[in-house]
Amino acid sequence: MIEIITERPNLFEPNVYITMCVEIAGNICPHKLAAAIREAYKVNEAAMSKIVLEQGTAYYEKLPVSKCRVEITDKNWMELVRENERLPLAIDKGELIRSFVVPGKSDTRLVVMAHHLAGDGKAIIYFIKDIMRALAEMPLTYKPLEVLTGSSFSKTKLSIPARFYACYCRYKWKNDVFTWQDYYDIHNKYWKNFYSNIQCKTLSASETEQIIEKAKQTGCSVNSYLITMFLQKYQKKCEIGIPVSIRKKTDETMSNLTSGIRIKHQFDTKKNFTENVVQVHRKIGQELQQRRVFILHFLTKLPPTLIDAVLLRTHDCHYDSLAARTAKIMGYMGEKNRDLGITNLTKLDIPILYGSYKIENIIFVPPAVSYSHNIIGILTVDGKMTFAFHNMARHDESI
């Protein structure tokens, strides 16, 4: 039994699917690729597990056979996302991932739609690596699940207000317990109102190199440069959420090893672009130094079922004053809701060649979670940077 602690917000989050669309060169036998996906499931404990809810405790339980799906289809990949986001993953049965093979004349598309409890963006990249190795008949290595617990943050301390509020929550919380029916109810209610709007843009190698070179000239990171580009377009003070990987460089497990920070900034028109980049870069650096693992550490101190209640309260599926107050503090409701989330997986850190098979590109679509309905996913493959703009649109509104 592996208990879910820092990942608890993902349990009842109705929009928590990470999507990767992999473009593989050539006309590949779809059944061979489907078989490779099944082999990749077998060597990743996350894909061989179901989620168990037992008297308020949630944990991974290993299964003898993976319940993750594989399907061969001729549907457009965005159509697949739109169709499958409305169908809740049966994580209580072990369906943490759905994979699709889309054959084509000039290339084949592999679409992976994974629940965040299966892992973070990097984890899904490493899962794709396993698929490609299996496709090329290369050996695979079994990778056990890794989770973060309270002991993971033993060397850090929460601020006094955060510690006080966590103690207050533990004292005041009524220990309501939720069920799988609540999981399916919140998902179905959410997707009756919303659907994904995804737009993609791939820069050429020269355009990508130009951005990298300009960022170098500012003395700041490419990520700071890109965030400033988006802030320049917004022309208002924005709260930006930025996921932060706390994964060790050699760790390729399918696990959720991501924290997050947020900054507030308005592009200053009285200053030039470089000066704005420097400001953004400084703010990011300060947050990384002070609050790199704050949210994960804070979550370990809260009652787990209160975190469930936060999500249910956010989507009007449960009514509790402490859950509502905590939802505002955590940014799920009220003014702390992010204007924009930017997830940059940077350069692809797996090979693109596997025997005679080549990855041409990967489109990375992060989830537009409840505290940030506008997300940008960025990934650079073979020198070309691809942006996926993901926002939620209401069925009763035009985009």
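All values below come from the heavy atoms of this structure, side chains included, with hydrogens, waters and symmetry mates left out.
When all heavy atoms of A25 and E360 are compared, the closest pair comes out as CB-OE2, 3.2 Å. Scanning all heavy atoms of the two residues, the minimum distance from T208 to G383 falls at CB-O, 3.3 Å. Across all their heavy atoms, A368 and Y190 have their closest contact at O-OH, 4.1 Å. Nearest heavy-atom pair across K236 and Q266 is C-CG, 3.5 Å. Nearest heavy atom pair, residue R313 against residue H318, reads CD-O, 2.9 Å. Nearest approach of S259 to I246, heavy atoms of both residues: CB-CG2, 4.3 Å.
Linking ILVMFWY residues whenever their side-chain heavy atoms come closer than 4.5 Å, directly or via other members, leaves Y17 and I375 in distinct clusters. Hydrophobic clustering (ILVMFWY, side-chain heavy atoms < 4.5 Å, transitive): M385 and F364 are in distinct clusters. Under the 4.5 Å side-chain heavy-atom criterion for Ile, Leu, Val, Met, Phe, Trp and Tyr, V277 and L340 are members of the same hydrophobic cluster. Under the 4.5 Å side-chain contact rule for hydrophobic residues, L96 and W180 share a cluster. By the criterion of side-chain heavy atoms lying less than 4.5 angstrom apart, applied directly or through intervening Ile, Leu, Val, Met, Phe, Trp or Tyr residues, I261 is not grouped with V293; the two fall into different hydrophobic clusters.
Side-chain atoms of E13 come within 3.5 Å of backbone atoms of S370 as a donor-acceptor pair (strictly under, hydrogens ignored). Not a single donor-acceptor pair under 3.5 Å links the side chain of T386 to the backbone N or O of I363. In this structure a side-chain-to-backbone donor-acceptor pair under 3.5 Å is present from R170 to K301. Using modelled atom types, no side-chain atom of E137 and backbone atom of A134 make a donor-acceptor pair closer than 3.5 Å. Using a distance-only test at 3.5 Å, with no hydrogens or angles considered, a donor-acceptor pair links the side chain of R86 to the main chain of W191. A donor-acceptor pair is defined here as one N or O able to donate and one able to accept, closer than 3.5 Å; no such pair exists between the side chain of H115 and the backbone of A90. Using a distance-only test at 3.5 Å, with no hydrogens or angles considered, a donor-acceptor pair links the side chain of D339 to the main chain of E239. Without hydrogens or angle criteria, K143 side chain to E252 main chain gives a donor-acceptor distance under 3.5 Å. The main-chain N or O of L322 is found under 3.5 Å from a side-chain atom of D320 such that the two form a donor-acceptor pair. With R133 contributing its side chain and M138 its backbone, the two residues share no donor-acceptor pair below 3.5 Å.
Within a 6.0 Å radius of OH in Y171, no more than 12 heavy atoms belonging to other residues, nucleotides or ligands are found. Remark: F164 CZ is loosely packed, at most 12 non-hydrogen atoms of other residues, nucleotides or ligands lying under 6.0 Å away. Other residues, nucleotides and ligands contribute more than 12 heavy atoms inside 6.0 Å of the CD atom of Q235.
Considering CG of L33 and CD1 of I28, their distance stands at 6.0 Å, rounded to 0.5 Å. From C317, atom SG reaches atom CG of D308 across 12.5 Å, with rounding to the nearest 0.5 Å. The distance from atom NZ of K214 to atom CD1 of I211, rounded to the nearest 0.5 Å, is 8.0 Å. Of the inter-residue distances, the one linking I97 atom CD1 with I91 atom CD1 reads 12.5 Å to the nearest 0.5 angstrom. With rounding to the nearest 0.5 angstrom, the CZ atom of F387 is 8.0 Å from the CG atom of N344.
Of the charged side-chain nitrogens involved, none lies within less than 4.0 Å of a carboxylate oxygen, so that E79 and R82 do not count as a salt-bridged pair. Salt bridge D349/K122: present, at least one basic N to carboxylate O contact under 4.0 Å. A salt bridge does not link R98 to E71: none of the charged side-chain nitrogens sits closer than 4.0 Å to a carboxylate oxygen.
For the residue pair T253 / D251, a side-chain donor-acceptor distance below 3.5 Å is found, with atom types taken as modelled. No donor-acceptor contact under 3.5 angstrom links the side chains of T326 and Y332, judged on distance only. With no hydrogens or angles considered, no side-chain donor-acceptor pair links K189 and H315 at under 3.5 Å. With no hydrogens or angles considered, no side-chain donor-acceptor pair links N276 and D268 at under 3.5 Å. In summary, the side chains of E54 and T57 do not present any donor paired with an acceptor at a separation below 3.5 Å, with no hydrogens or angles considered.
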| task | Apply the test side chain to side chain contact (heavy atoms under 4.5 Å, CB included) to residues R292 and T156: give CA-CA distance (whole Å), side-chain angles for both, the deciding distance (0.1 Å), then the verdict. | result | CA-CA 10 Å; R292 182 182 180 88; T156 63; over 6 Å; no
| request: Given side chain to side chain contact (heavy atoms under 4.5 Å, CB included), test V22 with I131 step by step and report yes or no. | output: CA-CA 11 Å; V22 188; I131 294 172; over 6 Å; no
| task | May I have the step-by-step check of side chain to side chain contact (heavy atoms under 4.5 Å, CB included) for V81 and V365, ending in yes or no? | result | CA-CA 10 Å; V81 173; V365 185; over 6 Å; no
| task | Kindly indicate, with the supporting measurements, whether the criterion side chain to side chain contact (heavy atoms under 4.5 Å, CB included) is fulfilled by F100 and R109. | result | CA-CA 8 Å; F100 303 90; R109 297 213 172 192; over 6 Å; no
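Checked against the 6.0 Å centroid threshold, F178 and Y183 do not count as a close aromatic pair.
Y225 has its side chain within reach of T218: a pair of non-hydrogen atoms, C-beta onward, lies under 4.5 Å apart. Side-chain contact between M1 and V52 is absent, with no heavy-atom pair separated by less than 4.5 Å. With a 4.5 Å cut-off on side-chain heavy atoms, I72 and P103 count as touching. Residues I51 and Y59 fail the side-chain proximity criterion, which asks for heavy atoms closer than 4.5 Å. Looking at heavy atoms from C-beta onward, S245 lies out of side-chain contact with L257 at the 4.5 angstrom threshold. Side-chain contact between T305 and R8: present, with at least one pair of heavy atoms (C-beta onward) separated by less than 4.5 Å. With contacts defined as side-chain heavy-atom distances shorter than 4.5 Å, the pair M392/S196 qualifies. T202 is not listed as a side-chain neighbour of C200, based on a closest heavy-atom distance of 4.5 Å or more.
With respect to L148, the side chain to side chain contact (heavy atoms under 4.5 Å, CB included) criterion is satisfied by exactly one of N256, L296, T300: L296. Here the options are I125, D120, I124, I362, the test is side chain to side chain contact (heavy atoms under 4.5 Å, CB included), and the partner is L345; only I125 passes.
Under the 30°/60° scheme for interplanar angles, the aromatic rings of F127 and Y41 are found to lie parallel.
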